[in-house]
There are 2 protein chains.
Amino acid sequence: MINVLTFVSNYSHTMTEKQEKILGAALELFAKDGYHATSTSKIAKHAGVSEALIFRHFENKEGLLNAIMDVGGQKAHELYAKIVFTTDPKELLKKAINILFEVPEEEYEMWRLMYALKWQTNGYNTESKEPLMLALNNAFKKLGYKNPEAESELILMIIDGAVTSFLLHPPKNKEDIRKAIFDKYDL
Amino acid sequence: MINVLTFVSNYSHTMTEKQEKILGAALELFAKDGYHATSTSKIAKHAGVSEALIFRHFENKEGLLNAIMDVGGQKAHELYAKIVFTTDPKELLKKAINILFEVPEEEYEMWRLMYALKWQTNGYNTESKEPLMLALNNAFKKLGYKNPEAESELILMIIDGAVTSFLLHPPKNKEDIRKAIFDKYDL
DNA sequence: ATAATGTAAGTAAGTAATCGCTTATTATAA
DNA sequence: TTATAATAAGCGATTACTTACTTACATTAT
């Protein structure tokens with residue numbers, strides 16, 4: 001609970017204490033049980049507030065979800081923005097791959113929710129990855145790969161698959177897997 | 001609807017016509033809207049039967065889900081069983097990778113449901129992949145890879161990531177991506 | 001300084017609608 | 001006849017959400 005709260009509060013400087021509690025409880029329950037299986041009354045009880053307060057601050061249940069997704073989207077954007085201007089192509093690949101190995105454990109709930117929601121909402125947030133996509137295209141082109149676009153898509157698939165694996169059943173040999181990926185790209 | 005029905009009926013020789021209709025409707029709606037957002041009354045209407053019939057044949061809503069999952073699990077098991085006894089290591093890798101490129105479109109709904117459910121059920125079905133895992137371990141060992149276990153996990157992550165991508169937003173350059181993967185393993 | 005006012009925060013107790021599921025009854029077929 | 005397939009109607013519980021109200025606090029007027 002504390003983890004979630006601190007995570008959320010980093011991105012909500014204008015929020016009431018109780019608003020943060022609601023967001024934290026919702027994040028925790030959405031990630032654990034799914035959006036539809038989590039009722040607003042459960043969230044309210046878990047946050048220690050009245051149920052009506054949720055609707056006062058977030059309009060409806062979907063508004064609460066959107067508020068959480070905004071936090072995740074902003075977080076993702078920040079991660080990508082840190083690396084897309086790397087000029088050296090191999091360095092960019094390294095950084096892109098390393099991102100997934102450096103996700104802090106206290107953010108796992110958030111990312112589990114984001115990944116789970118991909119399958120429930122029809123609108124997949126492909127636009128947040130576009131800047132990274134372009135940067136990767138360029139890197140693979142510089143490195144002389146035959147089909148840079150396909151290579152960019154592939155590496156994003158690999159990252160997605162690895163993140164999924166880490167979030168659902170964290171393996172002990174993370175470092176070996178990183179080495180195996182690096183090998184595939186001569187890093 | 002027809003697609004779902006024919007798909008289901010391949011694995012349910014002892015089923016009533018109405019049972020198949022229920023399963024088909026449930027599969028379609030679970031995959032489209034998610035398990036919790038789909039009510040038993042919606043399923044009944046969509047299948048053209050009374051709601052009570054669902055509970056007669058499948059006991060409860062979860063039993064209906066389990067019946068669908070059984071079909072998917074059996075399907076997955078058959079796919080893996082076809083290839084795990086391949087002796088030539090490179091041939092095995094090829095076949096394992098090709099599986100994901102040969103999923104027929106009429107089965108997409110089923111797989112979307114299976115993948116979406118990974119995030120909602122705490123028990124991840126890792127045991128169905130274990131025979132394939134062992135076969136891959138052996139193949140990478142034969143090929144002289146430094147860390148066969150990590151390589152097996154990685155290639156399953158890649159396959160998972162690619163399947164996810166295909167199911168959520170099917171790309172046009174599938175063939176280029178297959179080539180890119182083959183390149184990484186000298187196939 | 002303090003009383004008056006305005007606004008946002010917060011709640012208890014509801015609402016109609018829908019949920020998964022059951023019961024009582026009828027239709028069908030071996 | 002006997003068992004199973006199928007249904008209509010309704011069950012209590014829960015759902016997302018609303019209403020009517022109180023509390024807390026900052027701003028303004030006197």
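Here is how names work: the chains are called A, B, and so on, in the same order as the sequence lines, proteins then strands, and each is numbered from 1.
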Just the endpoints, please: which first and last nucleotides of DNA chain C, 5' to 3', lie under 4.0 Å from a heavy atom of chain A?
->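 So the outermost contacting nucleotides come out as C:dA9 to C:dA12.
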[X] has an atom [atom1]; how far is it from atom [atom2] of [N], in whole Å?
| X | N | atom1 | atom2 | value |
| --- | --- | --- | --- | --- |
| B:L53 | D:dT7 | CG | P | 6 Å |
| B:K45 | D:dA8 | NZ | P | 12 Å |
| B:R56 | D:dA8 | CZ | P | 15 Å |
| B:F55 | D:dG10 | CZ | C1' | 14 Å |
| A:I43 | D:dT15 | CD1 | P | 11 Å |
| B:I54 | D:dA5 | CD1 | P | 16 Å |
| A:H57 | D:dC17 | NE2 | C1' | 16 Å |
| B:Q19 | D:dT7 | CD | C1' | 16 Å |

Looking at A:Y115, does the NZ or CZ of B:K118 lie under 6.0 angstrom from its six-membered ring centre and within 45 degrees of the ring axis?
->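 Output no; distance or angle outside limits.
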Apply side chain to side chain donor-acceptor pair (under 3.5 Å) to the pair A:E149 and B:N173, showing each step before the final yes or no.
-> CA-CA 9 Å; A:E149 287 82 12; B:N173 53 347; over 6 Å; no
Mind listing the closest non-hydrogen atom pair of A:Y108 and A:F166 along with its distance?
->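 The answer is CE2-O, 3.9 Å.
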Step through the shown structure and confirm whether more than 12 heavy atoms of other residues, nucleotides or ligands are within 6.0 Å of CD on B:E59.
->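 It does not: B:E59 CD has 12 such atoms or fewer within range.
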For DNA chain D, whose closest nucleotide is more 5', that of A:E59 or that of B:G48?
->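 On the 5' side of the pair lies B:G48.
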Got a salt bridge between A:E175 and A:R178, using NZ or NE/NH1/NH2 to carboxylate O under 4.0 Å?
->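 So A:E175 pairs with A:R178 through a salt bridge.
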Using a strict 4.0 Å threshold on nitrogen-to-oxygen distance, state whether B:K184 and A:E151 make a salt bridge.
->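 Result for this pair is yes, salt bridge flagged.
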In terms of ring plane angle, is the pair A:F140 and A:Y145 parallel, tilted or perpendicular, where the classes change at 30° and 60°?
->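 Perpendicular, since the angle between the ring planes exceeds 60°.
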Would you please test A:S41 and A:E51 for side chain to side chain donor-acceptor pair (under 3.5 Å) and show each step?
-> CA-CA 6 Å; A:S41 76; A:E51 193 181 353; 5.0 Å; no
Using modelled atom types only, decide if a donor and an acceptor are shared between the side chain of B:S39 and the backbone of B:K42 within a distance under 3.5 Å.
->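 Yes: the side chain of B:S39 pairs with the backbone of B:K42.
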Listed in order of residue number, which residues of residues 31-42 of chain A have a non-hydrogen atom at under 4.0 Å from DNA chain C?
->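 Going residue by residue through residues 31-42 of chain A, none turns out to have a heavy atom under 4.0 Å of DNA chain C.
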